[in-house]
Amino acid sequence: VDMLTCDNCSLWVHAGCAGLSEDEYDLTSSGDHPIYSTEFLCRVCCRDRSRQLIYKMQQEDKLLIFADPVTDKVAPTYLDVIKQPMDLQTMLIKAERDEYRNYAWVRELFELMVLNALTFNRYHTAVWKEAKRFYDACMEDIFKTIGKGAPPSVHEKDLLKNLEMAKEAKKLEEDRIQEDKTIEKKDLVAGSKVVSVTLPALREKPP
């Protein structure tokens, strides 16, 4: 009999019909639920918001690297490396089938999708750089506005760790290149002052 009001359409909804457990309802009512205390949506509004989030991501996917499932033809070893593939088309199908109880699940699959791209591709490649740009843009323009009620998912830690490791690898590469250039300059300077020396043979030539 416990009721909640949709923050979007103001419709009163039974907590049970919305899929909330008793504990979730109590946390929501007390303002301590990580998702519903920020924004609670009925199933209809949740489906609409989920689709809106995915449409926005599709518009942000400039190079269409997340548009469809990755096939063996595109990347023959992809499924050997990535055990939970995800793409925007699959996410939209889930939304159309009303599989999202709340749109926090959309953010979870979004972070999984980006993590897959960052994991499979090397950090200096065009696809990796585009995946990072896509992630930054979606976080700033989508999940801080219309997706503000979706907290970070279980994939965020690995995603941020991947970005940090790439940053460190890039720094090491820049340091190595700088060191190589410094050594080259030292060799050039030393070369102008080197005296030619003729060394004796290590052993006599055989007959």
Side-chain angles (χ1 to χ4, degrees), residues 1-62 64-69 82-119 131-164:
V1 298
D2 296 321
M3 304 287 286
L4 292 168
T5 306
C6 176
D7 290 323
N8 184 63
C9 69
S10 300
L11 180 71
W12 284 93
V13 181
H14 285 100
C17 295
L20 272 71
S21 66
E22 185 176 347
D23 289 339
E24 287 179 318
Y25 175 81
D26 291 339
L27 287 172
T28 303
S29 300
S30 63
D32 297 323
H33 195 283
I35 301 172
Y36 299 130
S37 293
T38 302
E39 186 177 29
F40 172 76
L41 300 180
C42 67
R43 296 300 294 267
V44 174
C45 290
C46 177
R47 181 175 64 248
D48 293 342
R49 182 69 61 83
S50 297
R51 288 189 296 193
Q52 185 182 7
L53 289 168
I54 297 168
Y55 290 149
K56 290 285 186 181
M57 285 190 276
Q58 288 177 326
Q59 293 173 4
E60 193 60 54
D61 186 19
K62 309 296 185 184
L64 303 180
I65 63 174
F66 299 112
D68 303 297
I82 304 302
K83 302 306 179 183
Q84 291 181 276
M86 186 51 56
D87 60 276
L88 292 172
Q89 182 187 40
T90 301
M91 290 173 64
L92 185 59
I93 290 174
K94 288 177 175 292
E96 297 289 354
R97 292 175 178 173
D98 201 20
E99 293 185 17
Y100 300 125
R101 199 175 70 181
N102 58 70
Y103 64 81
W105 295 7
V106 175
R107 176 166 177 175
E108 180 178 344
L109 295 183
F110 155 72
E111 291 181 348
L112 171 64
M113 181 175 66
V114 174
L115 175 61
N116 289 343
L118 297 178
T119 301
K132 182 182 182 303
R133 185 208 65 78
F134 175 81
Y135 172 74
D136 291 338
C138 289
M139 288 302 300
E140 186 65 29
D141 301 330
I142 300 176
F143 287 102
K144 285 187 178 180
T145 54
I146 61 175
K148 62 182 179 180
S153 76
V154 295
H155 305 296
E156 187 193 48
K157 183 178 178 180
D158 290 333
L159 197 158
L160 295 179
K161 181 180 179 181
N162 191 301
L163 294 176
E164 185 62 29

What's the verdict on side chain to side chain donor-acceptor pair (under 3.5 Å) for Y103 and Q52, showing C-alpha distance, side-chain angles and the deciding distance?
-> CA-CA 10 Å; Y103 64 81; Q52 185 182 7; over 6 Å; no
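- Side chains of R101 and C46 form no contact here, defined as non-hydrogen atoms less than 4.5 Å apart.
- Of all the heavy atoms in Q84 and L112, the pair that sits closest is O-CD2, 3.6 Å.
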Quick one: do N116 and T119 satisfy side chain to side chain donor-acceptor pair (under 3.5 Å)? Show the steps, please.
-> CA-CA 5 Å; N116 289 343; T119 301; 5.6 Å; no
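- Here the shortest heavy-atom pairing between A95 and I54 reads CB-CD1, 4.0 Å.
- Between the side chain of D61 and the backbone N or O of F66, at least one donor-acceptor pair lies under 3.5 Å.
- Between K94 and L109 there is a side-chain heavy-atom pair separated by less than 4.5 Å.
- When the side-chain hydrogen bond (donor to acceptor under 3.5 Å, both in side chains) test is applied to D136, the partners found at least two apart in sequence or on another chain are K132.
- We find the CG-NE2 distance between L20 and H14 to be 13.0 Å, quoted to the nearest 0.5 Å.
- Not counting sequence neighbours, the partners of R133 by the side-chain hydrogen bond (donor to acceptor under 3.5 Å, both in side chains) test are E60, E130.
- For the pair D32 (side chain) and L27 (backbone), a donor-acceptor distance under 3.5 Å is absent.
- With rounding to the nearest 0.5 Å, the separation of CD in E111 from OG in S153 is 3.5 Å.
- With hydrogens and angles ignored, the 3.5 Å screen pairs no side-chain donor or acceptor of T28 with any backbone N or O of H33.
- Of the inter-residue distances, the one linking H155 atom NE2 with D158 atom CG reads 8.5 Å to the nearest 0.5 angstrom.
- In this structure, the side chains of M113 and F134 come closer than 4.5 Å at one or more pairs of heavy atoms.
- By the 4.0 Å N-to-carboxylate-O rule, E156 lies close enough to R107 to be salt-bridged with it.
- A pairwise comparison of heavy atoms in I35 and G149 identifies CG2-O, 3.6 Å as the closest pair.
- Contact record, C138 with M57: SG-CG, 3.8 Å, taken as the closest heavy-atom pair.
- Put simply, CG on D68 and CG on D87 are 6.5 Å apart, with the number rounded to the nearest 0.5 Å.
- By the 4.5 Å heavy-atom criterion applied to side chains, V106 and M91 are counted as neighbours.
- Looking at heavy atoms from C-beta onward, N102 lies out of side-chain contact with L41 at the 4.5 angstrom threshold.
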Passes side chain to side chain contact (heavy atoms under 4.5 Å, CB included), T5 versus V13? Steps please.
-> CA-CA 6 Å; T5 306; V13 181; over 6 Å; no
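- The aromatic rings of Y135 and F110 sit parallel, their planes meeting at an angle under 30°, below the 60° perpendicular limit.
- For the atom pair CG (L53) and OH (Y100), the distance works out to 10.0 Å, reported to the nearest 0.5 Å.
- A donor-acceptor pair under 3.5 Å is absent between the side-chain atoms of S37 and the main chain of P34, judged by distance alone.
- For E140, the side-chain hydrogen bond (donor to acceptor under 3.5 Å, both in side chains) criterion is met by K144, not counting sequence neighbours.
- Looking at heavy atoms from C-beta onward, R49 lies in side-chain contact with N8 at the 4.5 angstrom threshold.
- When all heavy atoms of A150 and A104 are compared, the pair lying nearest together is CB-CA, 3.7 Å.
- Side-chain atoms of D23 and S21 include no donor-acceptor pair closer than 3.5 Å.
- Closest non-hydrogen pair, I65 versus A131, comes out as CD1-N, 4.1 Å.
- Using a 4.5 Å heavy-atom cutoff, the side chains of C42 and C9 are in contact.
- Salt-bridge annotation for E96 and R51: present, with a side-chain N of the basic residue lying under 4.0 Å from a carboxylate O of the acidic one.
- Note that CG of L11 and CZ of R43 are 13.0 Å apart. Values are rounded to the nearest 0.5 Å.
- Residues L64 and Q58 form no side-chain contact, since every pair of their non-hydrogen atoms from C-beta on lies 4.5 Å or further apart.
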In sequence, state the C-alpha distance, the side-chain angles, and the governing distance for L4 and Y36, and then conclude on side chain to side chain contact (heavy atoms under 4.5 Å, CB included).
-> CA-CA 10 Å; L4 292 168; Y36 299 130; 6.0 Å; no
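- If you check the side chains of D26 and S29, you find no donor sitting under 3.5 Å from an acceptor.
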